[in-house]
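Proteins get letters first, then strands, A, B, ... in listed order; numbering begins at 1 in each.
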Amino acid sequence: MDKRDLIADVLKKIAILLELKGENAFKIRAYRTGSEIVETYSGDIIKLALDDDLKNIKGIGTALAQKIHELAATGKLEYFENLKSEFPQSIFNLFNISNLGPKKTKILYDQLGIDSIPKLKQFCESGEVGEISGFGKKSVSKILDSISFHEDNANTFRSGDVAPIAENILEFLRSHPDTEQATIAGSYRRGKEILHDLDFIVSTKSPESIIHSFTNMNTVAEIISKGSTKSSIRLDNGLQCDLRAVSNAEYPFTLNYFTGSKGHNIQIRALALNKGYKLNEYGLIPKGDTDSSISDSIHTESDLYEALGLKMIHPCLRENSGEIEASAENKLPKLVTLENLRGTFHNHTTASDGKNTLEEMTEAAKDLGLQYLGISDHSKSSVQANGLSTERLLAQIKEIQSLNNSSPNDFRIFSGVECDILKDGTLDYDDEILAKLDYCVASIHSSFSLTEKEMTSRVIKAIENPNVTMIGHLTGRLLLSRKPYSINVPKVIDACASNHTHIEINANPRRLDMDWRWWRQAKDKGVKCSINPDAHRIEHFQFLHFGVKIAQKGWLEPNDIINCLPLNEIESTLNKKQNL
DNA sequence: GCCGTTTTCGGCCCGACTGTTTTCAGTCG
């Protein structure tokens, strides 16, 4: 953890402990805000802290400036150490359990001494929690559900969270003088949204030297195993990392074997057997002839697939879901790439809860080489997100018009909104207001607990509105922290197909929603996709990278994705529904 | 805690939902 992360983490933990103590809510918010500022400040905040020059940053006052300075200078904070000593360390984990906030956590801690998830589970099951005033049967059952969800996801990581760590280690391995080739295999390479570990493959003439360096990285918390060509470590964040060091000749086979998935590997090995070969992670060997090998003619994965009579299969497709058959018949999709994207929808500005202004977002989109940018701030019911009143929305439309008028013709801002779908399926603005917009992303931000039937018809009602262009984050899931709400996805897909309504891939790595497992079905029905970063600041445009991976896992091609359309074609697509 | 200022302290986002309780507190977004 670097210094900036450490400071942000300490401030966040102070907020949690102050909540437990029942401190003033605004004081708590000040620490949370402070933590976010440290995390995201675009400048050398450590230097500012050391120079005692933080006071000009809005949100950092005298007290926080002093504490951040102490942390930057010494790596510690006396105030936090004192606060921390009042509670057991394990209590932070209780804040990962949904339906349990600071007040209830404090009651459980005070009355039953519950300070960890195992204790919480024990006291829920014994019935003691249910006897406390304010806790009833349903509360206990909800807490147990949350614990069980939390347990099921132990030792799992969101790919988006792991990506910077993974790329750092890869860079470290690639810069090693004995490394010839290096890459990350496993589920990370397949573009999975949730990971259990990272698999690194290196080709080298000196495997011991690579493994020595790998196991001595400064982020290693534990060496699980260490041999001459293979090692496993656990990082200080709990993530397990495996390394295989092989020769250049073995590299494509090792890479292929450790990219998996298991089902994919089983299938292609069977295919190899049928052709008279044995395939393992070291080579492709003619059966019954251990001395000879055809491996010499195979230098890449593409060569390997070709030797088996297949076209190269993109790693994202290797889930044993028809990709081998499609490859054999030369019917693999020509997958979308990041370079195919021409614009993006579902982006926020400071008008609602974004951190960058309309102008800053526009410049950032231009810098990325995009041809258009859709702005969709929150609607009025999302009070917590500073949703736009009708008047503010109309004013934003004018502001965008004037920016467009002053901008060259090869870039365009589209006026949209992320409109709340209310509990009864109606939308948050009247139709005549929505009709003034270029497009509308309709999303759910409230009433998550409806039955599947209610939720499905609620969303379908929105889909049937002629002003709704696309549905945002369809299931509302937050990976590893909140389950999707009950909704019949196939019915929604059908409704989108018959109402010419698109579905987004929300590319925020915490969401990645709609899930890649549904996209082939959507594609078959003719439903188009929009890959959206749900950007709340300019850096979030990078989320598009994760969205593209999900689209690839869903077998999507540029033709399936509306924001691959060039500027001169996108507008008619956005208007298509109203003109039907 | 921070901010803005009528410079010494009041305002700081707030409504929906849920479960529990019987009028409301806690959680969530």
Would you indicate, yes or no, if dG1(B) has its OP1 or OP2 atom less than 4.0 angstrom from a side-chain nitrogen or oxygen of Y79(A)? yes
Does a side-chain N or O from S447(A) land closer than 4.0 Å to OP1 or OP2 of dC17(B), or not? yes
Starting at [atom1] of [X] and ending at [atom2] of [N], how long is that distance when rounded to a whole Å?
| X | N | atom1 | atom2 | result |
| --- | --- | --- | --- | --- |
| E454(A) | dT18(B) | CD | C1' | 15 Å |
| N96(A) | dT27(B) | CG | P | 15 Å |
| K137(A) | dG19(B) | NZ | P | 14 Å |
| N56(A) | dC3(B) | CG | P | 10 Å |
| E36(A) | dG1(B) | CD | P | 18 Å |
| K58(A) | dG1(B) | NZ | C1' | 13 Å |
| K55(A) | dG1(B) | NZ | P | 13 Å |
| K142(A) | dT18(B) | NZ | C1' | 6 Å |

Quantified in whole Å, what is the [atom1] atom distance between nucleotide [N] and nucleotide [M]?
| N | M | atom1 | result |
| --- | --- | --- | --- |
| dC12(B) | dC17(B) | C1' | 24 Å |
| dT20(B) | dG26(B) | C1' | 11 Å |
| dT7(B) | dC2(B) | C1' | 16 Å |
| dC28(B) | dT22(B) | C1' | 24 Å |
| dC13(B) | dG29(B) | C1' | 11 Å |
| dA16(B) | dT21(B) | P | 24 Å |
| dG15(B) | dG4(B) | C1' | 27 Å |
| dC14(B) | dT8(B) | P | 27 Å |

For [X], which contact category applies under a 4.0 Å heavy-atom criterion: base, sugar-phosphate, or nothing?
| X | answer |
| --- | --- |
| S382(A) | nothing |
| S381(A) | nothing |
| L100(A) | sugar-phosphate |
| S139(A) | sugar-phosphate |
| F26(A) | base |
| S98(A) | sugar-phosphate |

Residue [X], side-chain heavy atoms: nucleotide from [options] that is nearest:
| X | options | result |
| --- | --- | --- |
| S449(A) | dT18(B), dT27(B), dG29(B) | dT18(B) |
| K103(A) | dT27(B), dG29(B), dT21(B) | dT27(B) |
| R29(A) | dC28(B), dC2(B), dC13(B) | dC13(B) |
| K423(A) | dC28(B), dC17(B), dT27(B) | dC17(B) |

May I ask you to say whether [X] pairs ionically with [Y], meaning some side-chain N is under 4.0 Å from a carboxylate O?
| X | Y | result |
| --- | --- | --- |
| D44(A) | K47(A) | no |
| E70(A) | K67(A) | no |
| E399(A) | R392(A) | no |
| D438(A) | R412(A) | yes |

Assign each of H445(A) and V383(A) to its nearest nucleotide of DNA chain B by heavy atoms, then name whichever residue's nucleotide is nearer the 5' end. V383(A)
Closest nucleotide of DNA chain B for N386(A) versus for N99(A): which of these residues is on the 5' side?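 Going by which nucleotide is closer to the 5' end, it is N386(A).
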Should the pair H348(A) and H378(A) be assigned to parallel (<30°), tilted (30 to 60°) or perpendicular (>60°) ring geometry?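 Ring orientation, 0 to 90° scale: parallel.
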Any donor-acceptor pair under 3.5 Å from N563(A) side chain to S530(A) backbone: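 No.
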If we check salt bridge (charged side-chain N to carboxylate O under 4.0 Å, His left out) with D515(A), which of these qualifies: R520(A), R477(A), K553(A)?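 The single option meeting the salt bridge (charged side-chain N to carboxylate O under 4.0 Å, His left out) with D515(A) is R477(A).
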Across all strands, who's sitting opposite dT8(B) as a Watson-Crick or G-U wobble pair, both distances under 3.5 Å? none
